[in-house]
Structure formats: C-alpha cells, structure tokens
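No hydrogens, no waters, no symmetry mates; every other heavy atom, side chains included, goes into these values. In what follows, chains are A, B, ... by sequence order, proteins preceding strands, each numbered from 1.
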Amino acid sequence: MALILTCPVCGKRNGYEFRYGGEDKGPRPAEAGLTPAAWCDYVHMNKCTAGVLKEWWFHRDGCGSWFTTWRDTTKNLEVAQPEASK
Amino acid sequence: MVAIKRQSPVQFKVSPRNTEVRDNWTVALEYDEEGRGPWLADLAHKTRWDLQDSKVGEQRPCDLAVPATPGSCTFANDTLVNRMNRTQTSVYHLGAAAPALPDFAGYTDVTESTVFLALFGPKAFHIAEKLSALDFLDPAKQAPFLYQGPFCHVPCQIVTLEKAADGSGGFLLTCSRGYGDSMIHAILEAGSSLGLRPAGENRFSAWIRGLQE
Amino acid sequence: MFWKSKPLWGSKTRLKSNYDAVIIGGGLHGLATAYYLAKEHGITDVAIIEKRFIGFGGAGRNTAIVRANQRTQYNVPLYKEALDLWPVLTKELDYNLMFNNCGNLNLMHSEAAMKSARMTIATAQFHGVESHLIDAKQAKELVPALNISEDITFPIHGAMFHPPGGIVRHDAVVWGLAKGAAKHGVHIHQHTEATAIHTEGGKITGVTTSRGRIHTPRVLISAGGYSAGLIYQMLGIKLPIAVLTIQAMVTQPLKPLLDHVVSSGAYHCYANQTLKGEIATGAHMDQWPNYTTQNTAHYIKHQAEALSDWLPCLRGVKFMRIWGGLADMTPDMAPIMDGNDHIEGFYMDCGWGYFGFKSCSAVGKYMAQFMASGNCPDMLKPFNLRRYENHQLMGETAELVSYTPNN
Amino acid sequence: MNRLNQLPTLRITPSEKLSLNYRGKTVQGVAGDTVATALYANGVRVFARSLKYHRPRGLYSLDGECSNTCMDVNGVPNVRTENTLLKDGMVVKEQNVKGSADRDWLAFIDKLDWMMPAGFYYKTMHKPAAVWPVAMKQIRKAAGIGVISADYQMRGQYDEMFVKAEVTVIGGGAAGMSAALAAAESGQRVVLLESRPHLGGCFDYRVSTTAEGTPLYQRARELAKQVEQTGNIRTFKHTSMVGAYNNNLITAFQVGGATDAFTERYIEIRSDSVVVATGCIERPLIFDHNERPGVMQVGCAHRMARTYGLLPGSEAVFSVGHDLGLEAAVDLFDLGLKINCVADIREDGQNPELMLALAERKIPVLKGWVAAKAHGGKKVEKVTLSTVEGTVNRQFPCDLLVASAGLTPVTGPFILAQAKMGYDSLTGYFLPTTVPEKMFPAGRLTGVNDPAAIEASGRLAGLKAATAAGADMGNLVAAAEKAAASLPGPQRGCKLVTAPVKGRKSFICFDEDTTIKNIKQAIEMGFDVPELIKRFTSAGTGPGQGGIPGHNLPLFVAKYTASINTPVPTTVRPPLVPTFLATYAGYNHHMFKHTPLHDSQIKDGGIFRNIGVWQRARYFSDDFDCKEEILNVRNNVGILDGSTLGKFRIHGPDALKALQRVYVSDMSKLKPGRIKYSAMCNDDGCVIDDGVVVKLRENDYYLTTSSARAGQTVEWIRYHTRFDGWDFSLVNLTDAMGVINISGPNSGKVLAKVIDIDLSSEAFPFSGYQEFTLKDAIFVRAMRLGFVGELSYELHVPASYTQAVWDMLKEAGAEFGIRNFGVEAQNVLRMEKCHVILGSESEQRTNLLDLGLGFLWDRKKADAKTVGAVALRQAEKDVGRLKLVGIRMEDDNRPARDGALIVDNKVRGYVATMRKSFSTGQAVGMALVESQLADTGTRLEIFEDECNGVRLYARVVAMPFYDPKGERMKS
C-alpha cells in the first residue's frame, strides 16, 4: 500500500509527506446554542465510510496547504482531483 | 573580549584554505583538494527572504518577477525568486552582497532560519536519490524549479538549478537551521562513495555564473 | 491414532429464520460473547454471522500479546480478569491456548516516561496486578539483546516489567472458543454477510443476511475494525472512531533469543518470540482511515530502523512475512461497550484499537451478561458512548493522540 | 568433483579459487559459486535438517524457495546458501542439528510423526495444567532454526536509494530484457531488476536454439549487451524485488559486488508503469520422500551443470511434467550423466524433437508415469516409479532424482499489488484476472514457453508500459501485438499434484514438515479453505513462505474437498525474499536538531537528552537533583539555552482574527511593549500549548510556543481557519533565533554590563518587551518573564550570533559566578512557582479550567469561535474532573515520587511533579485530583509503587510554594 496524494500546489506526492485532517464536516458551527451532542458530532464523530470519503489533508513536509480530497478507504487511493482551501 | 562573529549551522571537518570576513561571517572561499566534484558548499551567509502576501504575484523583489505558478523560479542577477504557494515566495541572494530588506510588511528576513547548502557537480543527483524520493530528474521539469518536500526525512526547499540525465547538475537546499549537523552528516555519508567534497564560495560562484550566461 | 478428527466447530448448519440473539462478527469478541451467552446464561439459540471465516480479521492479525498494565482504574480490572481467564479457558475449552506468561517489558526512553510508568505501575499494584519499574541494567539482564547505550534515537532509561503478561496463541483462542460455543449449540455461519439491521419503534427486530432474513430481539455488532462503519451504515449511529491499518511482521525462526515480550512506545514497536521461534514485531499505524489490510514499504523499513537501534543483533536476521489488520481507534484509546441505549436490543462492542485480543475473554463474559439481562454490568459502565459528549474522556492515554488535528 | 570447465554457459571463473571454512575444514570453491554449489562440489549432500522431524535435506531448487540449504554463514543464521555468492573466507555451519547435518542425533523424531498429526499442539500438553510450562520450554528449544547471539553485530555497509523511472521491469530474462529495450525506445527512464547476479533468466543456461538457430544462452547474452548499451535503462543485477505496493511503488534490495561500496542496498522505485517478467519456478512434485537429498528440480540439476559446471549426479531418473525436463535430460546426458529412465506425467503433448533426441540417446521414456517413492537414507538410492493411476510400479537405481510436476508462475508482484488471482484451466496457473493499473505481465508467467514468443510478449509489454507512462509509441504497439499473436501461445500445463500415495511422508511444505496427510487431517477438522489450513498446519509459513506449497496446497484442497469451485490461492506477503533488517534499515540516519549553543553546552558539561526533535542539555552535573544549579538561580544568576522554544511571526490584515480563533485570551487587548501569556486549547477545551504573544505593530505579531508544539503551530492555526478565507501570513522563526534565558537576582547586573538599555523596573517591567541592537550588529528581542520565579530575562538573538551573545554574558557574569542550568533545574524551579508544563501537569483530558488557568479565557468573544470555548463552557460545572492542586507532604523529608497515586478505596488522582524543594525546605508538588478533593487543607492518601501497603499523606496547600506574591520576579 503506497498512498499518493495530489497536493493542489505541489502535485502528486508520497502520502507520508501529508498529515490527515479528518473527515470533512464543514465549517465550525456557531457557539450559541450548540448542544453537547451537536458539539460532539462535529468534533469527535465519524462516518467511518468504507468507500469514498471527502477528507482534509495538510502538506506538512511541502507547501503547507490544507486541502480536501476524495479517497477510497477500501483501496487507499485518491479518486479525484482535490480542491485547494482558500 | 568576545569577538562579534557569526556561526554557520554547518561545520565541515576540513578547514578552508582561503576565507573572507563579510558581515561578521567567515566565508570559506576555497578548500584544499576540492576534487573533481561533486561538491558541497555552505551558503549560510547568503541572505534569504520570505515574502508573503495575498497578492504576492504582483510583488517585484529586486525588480524581478514573482513566477505565476508554485514550483517555478525566476533566476537572474544572482537572485533567485521561488514561488512556494498561492501567497508565498522565497528570495535567495546568491551574490556577494544583498540589498536591504524592502520596507514592505510582507517581507521577513529568514537568513537565520535555515541551513543553506549547494550540492553540485557530477553525480549530484545520484547523491540526492540516496536521501530523497523527490524526482529531481523529471524530464517534464525545466531547471530552475522548486521542490518543497522531504530530504533525508526533513522538510526542505530544494531548487534545482541545473540537471542532466546522467545525474550531474546541482541544487540548493534549505532546511531548519537546527538540522545542520544531522543533514551534513547524512549528505556526506551518502556522497562519500561518489567523491563528494566540501567546496568554497569561489567554486559555487563560478557555477552559478555559468548558469546565468 | 488416539483421536479421531471431526469438525471442530460443528458441521455446517442451515441459517434459521429466528434466533434469540445474533452476533455480527465471528472474531474473538463475538465468539467469546456467544460462548458465555450459551454457557452461563442459557441463551444457546445464537447465530454468529461472519462474512469471511472465523478469525479472518483482527483475531488472526493481532500481536498475541496479553497484559493487564493499562493506565486507568477502569481498564486494569477488566484486563486483569481477561488475563486470569486464559488458564481457565484452556481447561474449559479443552484446547491448548498455549499461554506463555513470559512477562512484558515496556521500555521507557525518558525521565518523563519513567514518571508516567510509575503512575501506571502504582495503578496496577493498587489493583493487585504485578508490575515493577526497573532500570536499564535490570532490563538488559532480562533481555540481553537490548541496546542500553546512549547513542540511539531513544536511549533506554528503564522499563515497566509486568511478569503476569505474555503471549497466547491467537488462532487457538479463535478455534477453541468456536469449538466451545458450537458445543453449547451456537450456530456459526461463515461466509455469510449481514447487510441490514431492522428496528421497529426503537427496538431491534431482525437482521438481513446474504443467506436470508433472521428475526431476533438482540443484535451485537462486534466486527472489530469493521464495526464503526457497519453501525453507521446500518443504523446511522456515528462513533468517535477512526479505522487505521496496523501492521506486524515476523522474522525467520530462531532458537530462543527473547524470553519476554518487549515493547517501546517511543519506537512504536514491540517484539516477542513466538513458540515457533520467529520474532514477531510490529505496532505502527498509518495515521489515516483505511480499510485495506495491506502493508507498506514505509513501515517495514521503519521497523528495521527501530529494531536496529534497540535490538541491534536482529540486524543479522531476516524479515520473512508482514501483514496488516485494522485498528478502530478512539480519541481516548479506550473501547466503547454500550447497548440498549439508542436502540433497544442493540449492543456494540468496538473501538478496541489494538487491545481487542487481550480483552476478549473478559469482554465476552460481561457483554454476555449485558445482553442476557439488558443491564450494563458495572465493569462495563465507564465504557459508554456518551462519555465523549459529556467531556469525560477516559484518560487511557496521557499523550495527545495525533491522528487528527483535533487534538 | 571435477568441474565441466569449458562450457560456454558457465557463470563461474574456474581459475579464481576461493576458500571457505565448513565445519572447521577449509574447502575450495571458485568465483561465481554460491556457497551451496561450492559445498556440493566438495561432496556435501546433506545441508540441513528439517524443522520438526530432523529429516536430512539437500539441494533442491537453487532459487531459495525452501530452507533446505539454509545455513549459518559468518554467524548470520538462515542464510540461503544456494543463492548466496561465495566470498573468500566464509565460515559456514549447519543449523538445527545435534551433531552434524549428516549425523543428527535427533533424526529419530522422523519416526514419531504418527504422534504429531495436524494441530497436535492444540490438543495436547495442557492437561494437567502443570505440564504446559515444562513442555513449552522444550518446544521453544526444539523450534527455531538458526541461532543469533544477543550481542551479535552485523558487519557491512548498508545503503539505500530512492529511484524514479517511468517504467520498471521486474525480471532480467529474455522477456524482461525485451520489455526494457522496447520501453526504452520511448526515451523514458527504464529500470530493470534481476535477482541473479547476471541477466539471462531461463535462456541463460540453455543450449537449445531459437528458430534462427542461435543457442538461447547466446541470445540472452546478446540481449544483455543491448540492454547495457542503452543509456536510459538502469539495470540493477543481483537485486531481488521484495515488495510491490499500489501506485506502482516497488521495493527491492541489491547485494553488493566486489567493487561496490555497499554490502546490501535497499531500493525503492517509483514508476508510472511496471512490467512483471518474473518467469516461472517449478511446481514441486509430491510423492513419498519427495525431499530426500538427491531429489532435485529440473532447473536446479540443469543449472548445476551448465552454470556451475557440476554434474549433479552420476546416475539419474527423471520424473517430470513439462518439456524443460526432457530438454534437461537430453543436455545432461550429453554432458555425461547416465539416465536410467525419464518418466513423464503427460500421456502426450511432448515436443516431438525432444522425444526424438531422447530416443536417439536410447533414454527410456515412460509416459503417464510418475515417481512414487524415493528410497534411501541420507541420499536417494533408488526410486519407485508408478503409473499416474498407481496401477503398476517399477524401480530404478539412481543417485539423482530430477523431479518436477510442472511450472508455476512467479506472480508475487501481482498479488502484492492487489491483483485478483484466478485459476487458469489451460496452463493450470494462478494468474491475475484483473491486472492492477499500469502493470503488465510478460514472458513465461503468461504461459508461453516458445523462445520467440517469450521475447515478443516482453516487447509488447514494454511498449504498453511506456504508453501507459505517457509515451506515444505510435503503431509500435499494434505491430508488436500482431507479432506476438503469430507465435505459439500459452501451453497446456500438467496439473497432477501428488503421485498415487497415501502421503504420510509426502511433503507439501518442506520448511514446516507438513505432509499430505496433515492437510487431510486439517480438512477433516473443518479447516476447509487454504488460508485456514495454512494457519492450522503452518504449511507455507516457514522461511521459504509459499515457495514450495504455494501452488500445490490450493490445488490439493480443491481436489480433496471435491470442491465445485475453482481453486483459490493463498496470499503471498512481502518480503518476497526474506531480507535482513540491516538492509531494510539502510543508512538509518538519526535526524536531530541542535541549538546554536549546542557545542558550547557540551563543552560546559551538559548531559544531553533527546527531547522531541531536539537534543537538549538536561543536567549540568551528575547530581540529577540539580541542587547547585537550582540554588545558583535562586541566590545568584544562572543561564539557560532555551533556543528550542517555538517562535513565529504572524502578520497581515486578518492576523488578529486568527489569534482570536486559537488563543483563549482576547488578543485585541495587547499593549505595545508588553507580552501576553496565553494558552491554546483543542476542541475538547484541553490545553495543547501555552506561550506569549507580542504585538509588534498593527497587524503584526510575534508569538512563542512550547518546544514540542513548534512543529505543528502553522498547521494548527491554518487548520482552524481553513474555512474562513482570512488573509494572514505565518513565518516560523523557531530556528532563526537562539534563546538565552538569564535568571536570578543578579541577572540584571550581568545584563547591564552587556547592553546599554535602561533595565530599571520602570523602563523594563515584568512582562515587558524590548527590542534593541547589540554592538551595532545584533538585533535582540528581550522579554522579562518569570517562569523560574526570579528576576529573569529572555533574549531572542539571531541564531548565528547566539553563541557570541552567550559568551558575552558568560564573560560579564564571571564575577558573579554565573553558571549554566539545564532543563531539569528549570523544571524544579518552575514547579516551586507552580508554573505548569503541559504534559507534565496535564494529560490529554486536562482542560484549561482544570489547570486553574481559567483567568486566561475571555468568554466575551463568541464571534471568534475560539477553539475549545464550547467545551469549556459545557464542562465548566462538571464535578469529578481532575483538577490541578498544590500539595505538601506531611513529612517534608519524604516527597512522594512523580506518578504516585492519590487514593481512598479508588484512585482519585496522582502526583504530577514533586520534589524536596531546596528553596523552601518543603516536600511540595502538584497533583491532579478529583475536584471533590481539591479544597485547600484536604488530607490526601498517597499510594506509591512498591509501597507494600504503606501509605503516605499530604495536604492540599495554596500555590505557589515559593515567593507567593511574586515579588522576586516582579521587583
């Protein structure tokens, strides 16, 4: 198993240059009225999809970008081009 | 009385034959028996800038254009401008002197932040492939170009200035200053069977002069 | 010969349309729970639904290491009971589980690690579990192959020595529990996939499998690394789990070299010698979710680098085989055992990370009690799912877990 | 033994003699020999004893599929001597024997096999329980093959290399070379891997000819020459491919030759596409005593003669299932081997030319016959041949039985790369049914055997691979496809698994002594898939892995279970060739960071520790209590290298917004010339970092982080702002500046001698920040801090000047007796002040409020969505959380150890840090205790490790313990 990720800045690179940043759960929720369950859902809970998942990655050893990509967790392969975070 | 002198993060075991003091740095100009290459030169004293701005592409450091795409470099007048990402560029001054830091908030002088080395000459990239999986000889890439990636497990900026399919050419490497001792040890070990020797600034300057002609 | 061969876990049976309980996952936790349900609680009408064959997942891919020197007071008694159960099960199941209680050495590589080891050791001793802090020299006396010099990445300062721990032959546990469960009437359905769980009015009513539908009031998902994905997919319940691939490998077989299990957190590495003589070693996980059980070039190299440091004689030994398994990691490195909460009759036993093997016997016992009575035994209460939203992480790890930037 | 010294196929240099020491005697081999061939030349026939039954084992395959010739070489165990090149002076010993391989006292175990059916251990030795520990000890002693001593030091140079290419070709036979040459026509970078020391593969030793009449060995040498002359092909010989991973990452290791600077080299190759041209090995023939010394595979016997010049026997019988066996019989006969009979499993389908050649040589051929039993002791003496149905038997004398059921493709690279494998009923091979992306099979493993077809399939695969890697090969692919199609395709393979025998002594796995009978037993016990049988019987888990049983086991299981499904192969796992840890480890560089003061700290007697990525001076004497270091700071002046501290510049229009997001404090309230101490939390509200922030100018800030967090700070801040599109820039200045901490009542006096700014408390108060230039050259950021609780300055100095400034301060401080202090002294000093160190006084679940740092939290900035604020608010009122408290022992002479528990009938907390304080004379420290026990004055019961039930007692006391009003640090 060798992960290769496409960094929107640096191109295809060895997966070990990156840090995984979790399943994509959207922007931070507003603080007001956030219940413990809703907070926990955002912070801790995962879908653990066996299949294609949108997720965050950080090019730690490279350009320092956070970006999302789609990856198939049953194959450990990227499935489409990522989009850069603004 | 303590002398005001600056220390490079990198110390070679051999002493240089000729040195010159410049801005409190003791610059090695030439070593005994530098050999026929490949060579490793310590460029710690060369000024480096970090330039960040949301419109970094519109900046003109030292009157040079900032390249439009990350990974591309502008190299002229002994100055190298490397586009790192959407908002960031590094500037290396490879000549004898560097201009003052421009009065623009996006600039930071990062000369002190990094180890700065040049590895060049025959088989330079045969040494590199013992330390990094980055593809310096990618036929699709034209020198000069910038890689930001691991070299001997340490995140580096590496600018390939010259390359040929036989592995000759050369590159500049920066990494966190603290890794100086470890990095030099690793590079010299990897290069030992290929004849890698320390070289002084003279040889480096001659090399980059040739590249700019 | 003086015994006759017959199928160990019963002949193949047809899938009935009704069971008192259905267990999804024919691994160690599922088999153990079924065994205890049948043996201790008289619930013998149990189906184990296994997609591949029993022991395919973590049960056949684990470290085989057993120990009871965890960090918190919630974990230690559970693992202690599990440890005490190996000889009992060997007898009960009449199957040699090959428990080698050779003791575990957990190496410490800094003053800070020695300090946290003291806390763990005190916790063990407080609960009557033998565990001692020893210095580097004593560690070397126990494991002469250790490199206790200063010139390695993480010099050895000492170790946590836990004599009652050791190794159990993991395949034997699978087969022994299957044998025991089948003897009490449990049906083990291999090559059968659970595809849906049915509820009505917040209660479990049945399970659909690739071989037909089953009506049942009780379902346990104990499918190891696959649990979290299945629970979300079939019931929409999200869990604080990340499923990572963990790898292990063995060297060519050697005459006795290591008399104890040795492990090192700093090097992400353990090593022990199997009864066959191989040095079994592993532990690293790629820090991103992954359902492949493939191994990586990165890791086998890393492992060789690590062992070159602290067990340098192994440089002259060859790696022979590497494999991978799944570890379902939780933020506090402690499992989730819960049930009858979100859905009546639904039970889960997951989030074990890489501790599923050493806990299986005791967990089977308590989960069976839970499922038979519907009430959570005290032993399992701290492991409920709601602790995460209540900001009550268990503290099984002192360090920040770094598989997401959330920490 | 006389060598056949004149053969054109030889890969040895007969004139170059090498010697080795075998069992204390010096014997001679020649350059190019493997250790085993050299021993064979010296009459050695029994190389080892088997794992379980101590059966004699001899040379079988030459390619290392089993442990038959594993020996101890130079103290290294389990060396496959059959494919390890001989080096002068090697010391070679047998393994797993009592006595010698030839005379092993434990050979009697072979007669006890009836006691040890499959799964034997699981059913025995546990009743009564006391038996097991004793039995286990004996099992451990009996198990294992080689010996490694605990202090063994592996010699040699280990190299590593990360190669990039467009096309990688695995296998340097005719197909692989053709593939490499074809791919290279594109101009792309091509890597060619060959496991043997020379290119050539199955052509290398064969004198049969191509259609044009060129002997195959000569054709191979022509191709090799072309390969070597092609500039864009990089050839790695003596390089075994060991791993294949998705995205076409291949790993391999190379054995260094005489002129190489390395002993072995680990290689990772990343390429766009891969050609697999690994060819075939032979499928072992199973019959009674099928592994007796003298039983040898076809290629082994053939190569012994042709490659090494050693006729492997004098009188032979062949029992084969493919034409290569007939070809070898003809050739070996011509080289002087007497052949009593050739039994061919196949009734028909033989190459008529080979049949004619055998007839011409008057070699009797029995079609539809197979070896049923190899007779003899340590050497085969006689063989019983039988019809495939077992109806008729005949015996022939021989000292060599060449036995092979057929071929089996080397598909390991495909399996490792996650190809789906299926059974091909024509060839009888397990072949990939779906080939992984950009991976192409070539040569014999596709089932072709015709020499021209082998080359053509290689060329086609090479062109396809180049195309897949992005080259435009025009019409070449179509032409190559046409050419390949016109040549003979895959041939029908022989599918017989075992001779008609009961199988008690018929070995399906040599390494684990697994017999056909064991497999039957396992199946009867319910283990009905090959993967489970493998686990239960150990077949295929020995040093040779699946090399011997890999193909036969699934075939046998399918047959024996009368399965209607096609056979399913077992998994192959890396490394495909067992590989030294030393080789995998390669350089094993230890990359550590050093501060700019590293060398001077060593000179000053620092005792170093590796802390995170840094090497730091923890102590400055062997007194690990650091009494002198501590008291010198309290009473005088000490100096510390704090360069590892994280340092950052954050600037840009939205810099403040970013700070508000990650820091709990309100950073809009920063005042010029002042530092602000604050903390960062994670989403659980747990503290992950603390440090100071300075506002340099509008939209421009300087901040510090703990040493451990410096590496993640940029990532953290960017992560938590990734949806916001804010415009700010971060610069990591951690390494750009050394940090000198000068602390103690005399620190101001020392500093005043070096710098000429006003150090009075009015001009430079506690929590003040100043910038100045020293000696007109050195730009310094100075902070007045109080971590250790004394007057204290922290100077951030450009890294290249740090040593110079340090030296100035040391020189200036000499008159006061300034001395270094280390990290441990700092740890005690700050503990007396109850300043926390994250990770020491906090754990994963410790939040800001638990640490008593709630005063840092500004609750009024909800719009900032500060990381951790939600959790802090929700958990604020919870009882039972572990809170940080100060504690003092009832007995000041008996501090509890760090990590001691706070207990009643349960664990209620633990001691984080405690020392006998030299400054106060008290045994004081900090502990995390349940909130119910956190009130001042509460008596705590302490349970320490090894306390034998004796408890210690302490009370919760006010913090800090030293200078509670902070007069010393603020004055």
Where on [X] is there a heavy atom nearer than 4.5 Å to chain D: the side chain, the backbone, both, or neither?
X	result
B:Thr111	neither
B:Ser176	both
B:Ala44	neither
B:Ala133	both

For chain B, which residues from residues 771-780 of chain D lie under 4.5 Å away (heavy-atom distances)?
D:Lys775, D:Ala777, D:Ile778

Does D:Glu185, at its CD atom, have more than 12 non-hydrogen atoms belonging to other residues, nucleotides or ligands within less than 6.0 Å?
yes

I'd like to know whether NZ of D:Lys753 has more than 12 heavy-atom contacts from other residues, nucleotides or ligands below 6.0 angstrom.
yes

Salt-bridge present (D:Asp159, B:Lys130; N to O < 4.0 Å)
yes

Tell me whether B:Glu129 is salt-bridged to D:Arg234, with the criterion being a basic N under 4.0 Å from an acidic carboxylate O.
yes

Should [X] and [Y] count as side-chain neighbours, where that means a heavy-atom distance under 4.5 Å?
X	Y	value
B:Ile4	D:Met808	yes
D:Gln157	B:Ser193	no
D:Asp735	B:Tyr179	no
D:Ser800	B:His45	no
B:Asp138	D:Lys164	no
B:Cys152	D:Met591	yes

Which distance, rounded to the nearest 0.5 Å, do you find between the [atom1] of [X] and the [atom2] of [Y]?
X	Y	atom1	atom2	value
B:Ile187	D:His589	CD1	NE2	9.0 Å
B:Asp50	D:Leu733	CG	CG	8.5 Å
D:Lys593	B:Cys175	NZ	SG	9.0 Å
B:Thr108	D:Leu730	OG1	CG	10.5 Å
B:Leu137	D:Arg189	CG	CZ	6.0 Å

Atom group of [X] that falls short of 4.5 Å from chain B, counting heavy atoms:
X	answer
D:His651	side chain
D:Glu160	both
D:Gln188	neither
D:Asp700	neither

Which atom pair, heavy atoms only, marks the closest approach of [X] to [Y]?
X	Y	result
B:Glu112	D:Ala799	OE1-N, 3.3 Å
B:Lys5	D:Tyr801	O-CD2, 4.0 Å
B:Ser113	D:Asn732	OG-O, 4.0 Å

So which of [options] has the biggest tally of heavy-atom pairs under 4.5 Å with chain D?
options	value
B:Ser182, B:Pro9, B:Gly106, B:Ala3	B:Ser182
B:Ala105, B:Ser192, B:Ser8, B:Pro155	B:Ala105
B:His153, B:Gln88, B:Glu189, B:Met183	B:Glu189

